[in-house]
Amino acid sequence: MDYNFTEIEKKWQKYWEENQTFKVDIDHSKPKYYVLDMFPYPSGAGLHVGHPLGYIASDIYSRYKRLQGFNVLHPMGYDAFGLPAEQYAIQTGQHPAVTTDENISRYRSQLNKIGFSYDWSREVKTCDPEYYKWTQWTFIQLFKHWYNNKTNRAEPLEKLVEIFEKEGNINIDASSSDVKTFSAGEWKRMSEKEQQEILLCYRLAYLAETMVNWCPALGTVLANDEVKDGVSLRGGHPVEQKEMRQWLLRVTAYAERLLDGLEKLNWSDSLKEIQRNWIGRSEGATIRFEILHSPDMEKLDEQIEVFTTRPDTIFGATYMVLAPEHQLVEKITPEDYKKAVADYIDETKKKTERERLAEAKSISGQFTGAYAKHPFSGKPLQIWISDYVLAGYGTGAIMAVPAHDSRDYDFAKYFNLPIIEVISGGDISEGSYDSIEGTVINSDFLNGLPVKEAIETVTKELEARGIGERKVNYRLRDAIFSRQRYWGEPFPVYYKENMPYVLDEKRLPLVLPEVDAYLPTEKGEPPLGHAKNWKTEEGYPLELSTMPGFAGSSAYYIRYMDPHNDTRLVSEEANRYWKNVDLYIGGTEHATGHLIYSRFWNKFLFDIGVVCKDEPFSKLINQGMIQGRSNFVYRIKNTNKFVSFNLKDKYDVTPIHVDVNIVHNDILDIEAFRKWNPEYVNAEFITGGDGKYLCGYAIEKMSKSMYNVVTPDDIIEQYGADTLRMYEMFLGPLEQAKPWDTNGIDGVFKFFIKVWKLFHDKNNRFNISDEEPTTGELKILHTAIKKVREDIERFSFNTSVSAFMICVNQLSSIKCNKRAILEKLLVLLSPFAPHITEELWEKCGKKESIANAGFPEHNPGYLKEDYVKYPITFNGKMKFTLDFPADMKPPEIEESVLDNDSVKNQIGDKKVKKVIVVPKKIVNIVI
RNA sequence: GCGGAUGUGGCGUAAUUGGUAGCCGCGCCAGACUUAGGAUCUGGUGCCUCACGGCGUGGGGGUUCGAGUCCCUCCAUCCGCACCA
């Protein structure tokens with residue numbers, strides 16, 4: 001074959017590596033542009049063709065920006081800590097570092113074959129101590145800072161301690177855990193341990209007893225975004241609720257900023273919406289209810305605080321509900337109800353998260369025997385516990401307004417509790433009326449007000465009486481940051497008198513120790529419990545948990561700016577130059593995990609002056625998933641006979657997945673099939689009339705079990721990397737999910753052969769001419785330049801591929817081999833197909849890489865048309881076209897059209913009501 | 001249930017602002033050439049109809065000279081959230 005892609009691609013990949021073509025440094029003479037891919041977790045299965053889709057798109061954009069004179073930072077690395085390597089280690093005893101290294105080198109070689117313009121000198125691996133030193137460092141900073149709501153930023157803890165010494169915490173408005181008020185004197189009288197206990201309530205990285213998602217099968221806790229439908233995202237193991245002392249990051253401190261920051265970002269609306277939902281801001285009020293009838297009431301002086309978005313319905317509150325886990329449950333329950341309440345709590349505890357979700361519709365609850373006093377009417381309200389109230393949201397307690405909340409309504413009906421209508425507009429005998437359209441009734445001083453005004457009025461009244469406040473509540477929870485696992489970053493934390501202290505920064509990195517088993521210890525400690533001498537030089541024990549997956553991925557984009565700096569996370573110079581990521585491409589699966597955490601992490605680093613930008617990713621594109629296209633053969637039941645797809649309905653058949661790599665255009669390679677599985681050696685086939693066995697197909701997830709996995713390596717071997725890159729883009733819009741079907745790839749491959757032929761004669765001798773191009777040739781080229789450039793700008797790479805095909809088809813048909821045209825075409829094509837264009841560029845006599853050429857400008861002068869082909873439509877339906885000079889005025893066109901014989905023929909004896917002429921567009925004749 | 005996205009030939013898709021629906025490919029059909037290759041080249045290919053012509057962008061309705069595009073309504077598929085008070 002004349003176009004020897006294998007040789008060409010090897011040659012240029014080697015050239016780029018040897019010449020460090022894509023190595024970048026700070027260069028103040030050029031504008032910077034930062035293009036980032038979400039770095040991969042190097043799994044044992046390697047890459048399939050779906051994985052590089054986003055990488056190809058970002059590489060095209062990087063190369064394009066580079067050709068336009070930008071200094072483009074385009075790095076790659078590995079998210080290398082994580083569960084699969086550790087699970088594998090448990091099974092095989094193989095150290096996770098070893099498997100991880102193997103997987104990384106496989107990924108690296110797969111990536112290299114695709115011809116990416118990465119600056120590999122900046123590669124990072126999250127499991128490298130030189131890298132996780134800075135993950136640990138950031139953790140220490142989080143530990144040493146608190147969030148001041150007054151200044152709306154993180155501040156050093158020293159400052160907080162100074163205030164405590166002066167005036168206690170009475171005037172502090174911080175994002176903190178529940179903490180009692182104390183005076184300066186009280187603070188000073190506290191022991192160090194007591195003080196540390198208090199400070200822990202303010203730290204942005206803190207240790208607390210909380211309900212966690214415990215996954216027994218994985219032996220670790222999981223964050224909310226790692227659990228879906230009550231099972232772990234990785235592995236699908238059941239998850240249960242459990243109270244444990246865990247590290248948390250005070251992400252909620254940044255809830256408001258995380259929400260507001262979305263406005264400025266150039267992200268898709270759907271992604272922003274997912275983040276908004278996850279943050280879950282709701283406005284309302286907290287209201288405190290006094291507790292009545294409890295035997296210990298006088299002594300306890302406890303109140304129930306609830307959060308509601310509908311304080312206007314307070315007169316409709318007929319009972320209260322606490323989450324079963326609520327702290328007050330025990331205190332308020334009178335003796336004669338203790339057993340019933342304890343039984344109910346036991347019952348709910350036993351249920352896993354999954355069961356709770358499954359039983360969501362069934363109603364259960366238990367009266368505590370205690371009552372609350374309605375703050376306005378003074379009437380007693382029964383206090384219940386029920387698992388329909390979530391401990392983790394709001395205050396874990398609600399005032400139930402059955403007339404205007406469907407869940408309360410169902411509960412009230414079930415337990416026969418009173419229902420009072422307070423908003424007109426519904427029919428409460430039928431169901432609750434949850435709408436905010438209506439007028440307040442049966443509500444004392446709120447009567448007659450529309451809902452919105454009533455909310456204002458009642459909130460002011462609550463504040464005036466000191467029984468409630470306006471409150472903004474978030475669904476977002478603080479992120480649980482410990483994992484009881486081995487393969488993660490060790491916490492730079494030790495314990496003294498059971499209180500956590502962080503290591504001196506000079507001691508970083510705290511290197512992950514060797515252990516002889518990756519399982520929990522006999523005492524039930526995490527795997528680090530097996531490590532010898534896992535303590536500080538002073539002998540204090542070190543933390544046994546490790547950090548979760550999102551720790552290492554939260555600031556990797558910052559580290560790329562200055563990856564080898566061993567004194568700082570990033571130098572000020574590097575950060576000021578590269579600023580933040582201009583274009584980030586990755587999958588939508590990170591919408592609520594990585595993309596929230598790294599925004600939080602970045603905002604914190606911004607507050608403490610490490611980075612200069614408040615948001616990490618200015619523009620973000622989610623590439624669509626590439627689905628698999630599976631093929632099936634149809635075995636006649638109880639035989640070893642297979643019937644072709646088109647005849648299968650005549651038999652009773654079982655569809656069987658067949659490896660897509662032995663099927664071509666849905667025609668089965670029968671010999672390969674016999675060899676594929678010993679079971680089929682003697683298989684018989686009922687073929688269609690032409691002797692071919694036709695397979696069925698289906699679009700499914702690309703996975704081994706469906707035998708529909710296609711690897712980039714196979715495609716590159718057969719067609720080359722340029723064809724792979726181009727075809728991935730040709731499949732359809734970047735953001736859309738689409739199936740991979742290798743069958744279509746021939747069209748793209750033929751395109752490259754045509755490109756090759758433009759530069760070569762019949763005998764494959766390089767042959768281009770220095771003749772002046774014609775206006776026709778210039779028009780073909782400049783149409784393509786304009787189209788491709790516009791398409792790249794809007795990330796519409798599929799349409800630019802067709803533009804290239806049109807251009808090359810046209811140049812081929814006129815046998816254009818002129819240097820002035822072809823050289824520009826090469827540069828235009830080089831971001832998509834870097835190898836073949838480098839090769840032809842070199843053959844054109846160029847000494848320097850095409851990556852350093854300039855992107856061609858289109859000249860509108862070449863695109864001007866003398867004539868416009870006007871579609872002539874009758875009542876909007878196109879019949880034929882007529883040519884008119886481009887500068888001809890509408891009235892003249894109208895006259896000329898009506899004079900045309902074909903037009904007259906169409907009109908016949910009908911009457912022309914109206915003629916519409918849209919210049920350069922269309923003529924419509926209304927008859 | 002709430003929120004978002006998407007519905008166009010046999011398939012992947014195209015159609016900047018409302019202006020020729022189906023570009024570019026795959027597949028299919030026919031032909032050419034050939035050391036029968038899953039090669040290359042040429043032509044054709046939305047559907048119905050011998051044709052004239054008609055119908056066509058998930059269904060129905062509307063606005064408009066003109067709707068894939070705008071509005072209303074319904075349906076389907078996918079994704080996210082889901083007792084969030």
Side-chain angles (χ1 to χ4, degrees), chain A residues 1 228-229 268-278 280-282 284 306-310 313 321 356-357 359-361 363 386-390 392-401 404-408 410-411 434 473-476 588-589 591-592 622 624-625 627 629 664-667 669 697 699 727 730-733 735-751 753 787 790-791 794 796 798-807 809 869-881 913-918 920-927:
Chain A
M1 193 191 307
K228 215 192 149 203
D229 299 329
S268 72
D269 289 338
S270 70
L271 185 60
K272 286 189 195 177
E273 199 55 31
I274 291 172
Q275 291 223 333
R276 280 191 203 105
N277 290 340
W278 190 260
R281 182 184 199 272
S282 48
V306 302
F307 172 74
T308 175
T309 55
R310 294 293 302 277
T313 62
V321 188
R356 268 194 63 173
L357 284 168
E359 290 172 20
K361 294 284 171 282
I363 295 165
S386 170
D387 62 6
Y388 90 90
V389 172
L390 304 176
Y393 184 77
T395 61
I398 60 155
M399 64 174 201
V401 183
H404 305 289
D405 181 288
S406 58
R407 296 152 300 175
D408 296 344
D410 295 343
F411 192 83
D434 299 9
N473 194 55
Y474 296 94
R475 196 188 77 106
L476 184 74
T588 183
E589 67 272 20
T592 52
N622 289 124
M625 238 218 309
Q627 298 143 316
R629 186 183 188 277
H664 248 269
N665 286 329
D666 294 337
I667 306 293
D669 179 337
Y697 73 90
I699 306 304
Y727 186 57
F730 188 59
L731 283 178
E735 299 186 58
Q736 219 171 75
K738 55 234 164 211
W740 176 271
D741 182 2
T742 307
N743 291 331
I745 204 167
D746 282 346
V748 171
F749 187 64
K750 279 184 212 162
F751 163 80
I753 291 174
K787 174 79 175 144
E790 285 168 357
D791 285 349
R794 58 192 179 103
S796 174
N798 55 325
T799 52
S800 38
V801 177
S802 354
F804 279 122
M805 289 176 170
I806 293 167
C807 175
N809 286 347
K869 208 174 260 307
Y870 278 89
I872 309 301
T873 65
F874 294 83
N875 292 338
K877 293 215 181 293
M878 209 280 283
K879 292 296 174 190
F880 48 84
T881 60
K913 288 187 192 142
K914 204 174 178 185
V915 178
I916 289 140
V917 179
V918 185
K920 297 194 175 170
K921 283 263 152 80
I922 203 164
V923 177
N924 191 17
I925 298 157
V926 188
I927 48 177

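Order of the sequence lines fixes the chain letters, A, B, ..., with proteins taken first and strands second; residue numbering starts at 1 for each chain.
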Practice task
Using the closest heavy atom to pick a nucleotide of RNA chain B for each, name whichever of A:Asn809 or A:Pro739 lands nearer the 5' end.
Solution key: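 Between the two, 5'-proximity favours A:Pro739.
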Exercise for the section: By nearest nucleotide on RNA chain B, pick out whichever of A:Ile925 and A:Tyr727 is the more 5' one. Expected result: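 Nearest-nucleotide comparison on RNA chain B picks A:Tyr727.
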Complement of [N], any strand, by Watson-Crick or G-U distances under 3.5 angstrom:
N	answer
B:rA15	none
B:rA82	none
B:rG27	B:rU45
B:rG66	none
B:rG37	none
B:rC52	none
B:rA5	B:rU77

Problem - Syn/anti state for B:rG7 [syn: chi within 90° of 0] - result: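 Base orientation relative to the sugar is anti.
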Handout entry: Syn or anti for B:rG53 (syn when the glycosidic angle lies within 90° of 0)
Key =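 That one's anti.
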Looking at the side chain of [X], which of [options] is the nearest nucleotide?
X	options	answer
A:Asp669	B:rG12, B:rC83, B:rG38	B:rG38
A:Tyr697	B:rC11, B:rA85, B:rG66	B:rC11
A:Asn743	B:rC26, B:rG19, B:rC24	B:rC26
A:Ile274	B:rU17, B:rC24, B:rG80	B:rG80
A:Asn924	B:rG12, B:rC81, B:rG19	B:rG19
A:Glu273	B:rG3, B:rC65, B:rU17	B:rG3
A:Arg475	B:rU40, B:rA82, B:rU20	B:rA82
A:Ser282	B:rA85, B:rG3, B:rG12	B:rA85
A:Leu731	B:rG54, B:rG12, B:rA85	B:rG12

Quick check on [N]: is either OP1 or OP2 less than 4.0 Å from any side-chain nitrogen or oxygen of [X]?
X	N	result
A:Asn277	B:rG80	no
A:Asn473	B:rA85	no
A:Lys750	B:rC26	yes
A:Lys879	B:rG54	yes

Problem - Straight-line distance of A:Glu589 CD to A:Asn622 CG, nearest 0.5 Å - result: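 The distance works out to 8.0 Å.
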Problem - Donor-acceptor contact below 3.5 Å, side chain A:Asn924 vs main chain A:Gly876 - result: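 Checking the backbone N and O of A:Gly876 against the side chain of A:Asn924, a donor-acceptor pair under 3.5 Å is found.
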Handout entry: Donor-acceptor contact present, side-chain A:Asn665 to main-chain A:Ile667, <3.5 Å
Key =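 Checking the backbone N and O of A:Ile667 against the side chain of A:Asn665, no donor-acceptor pair under 3.5 Å is found.
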Exercise for the section: Figure out the CD1/C1' separation between A:Ile927 and B:rG66, and round it to whole Å. Expected result: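 Atom CD1 in A:Ile927 sits about 14 Å away from atom C1' in B:rG66.
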Practice task
Using atom CD1 of A:Ile753 as one end and atom C1' of B:rG25 as the other, report the distance to the nearest whole Å.
Solution key: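 Rounded to the whole Å, the gap is 15 Å.
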Problem - Interatomic distance at P, B:rG62 relative to B:rG66, whole Å - result: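 About 12 Å, rounded to a whole number of Å.
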Handout entry: Carboxylate-amine/guanidinium proximity below 4.0 Å for A:Lys750 and A:Asp746
Key =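 Salt bridge absent between A:Lys750 and A:Asp746.
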Exercise for the section: Could you tell me whether A:Asp741 contacts a base, only the sugar-phosphate backbone, or nothing, with contacts defined as non-hydrogen atoms closer than 4.0 Å? Expected result: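 If one applies the 4.0 Å heavy-atom cut-off, A:Asp741 turns out to touch nothing in the nucleic acid.
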Exercise for the section: Specify whether A:Tyr727 and A:Trp740 have parallel, tilted or perpendicular ring planes, treating 30° as the upper limit for parallel and 60° as the lower limit for perpendicular. Expected result: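 Geometry flag for A:Trp740 against A:Tyr727: perpendicular rings.
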Practice task
Kindly indicate whether a cation-pi arrangement holds for A:Arg475 with A:Trp278, taking the cut-offs as under 6.0 Å to the six-membered ring centre and within 45° of the axis.
Solution key: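 Yes.
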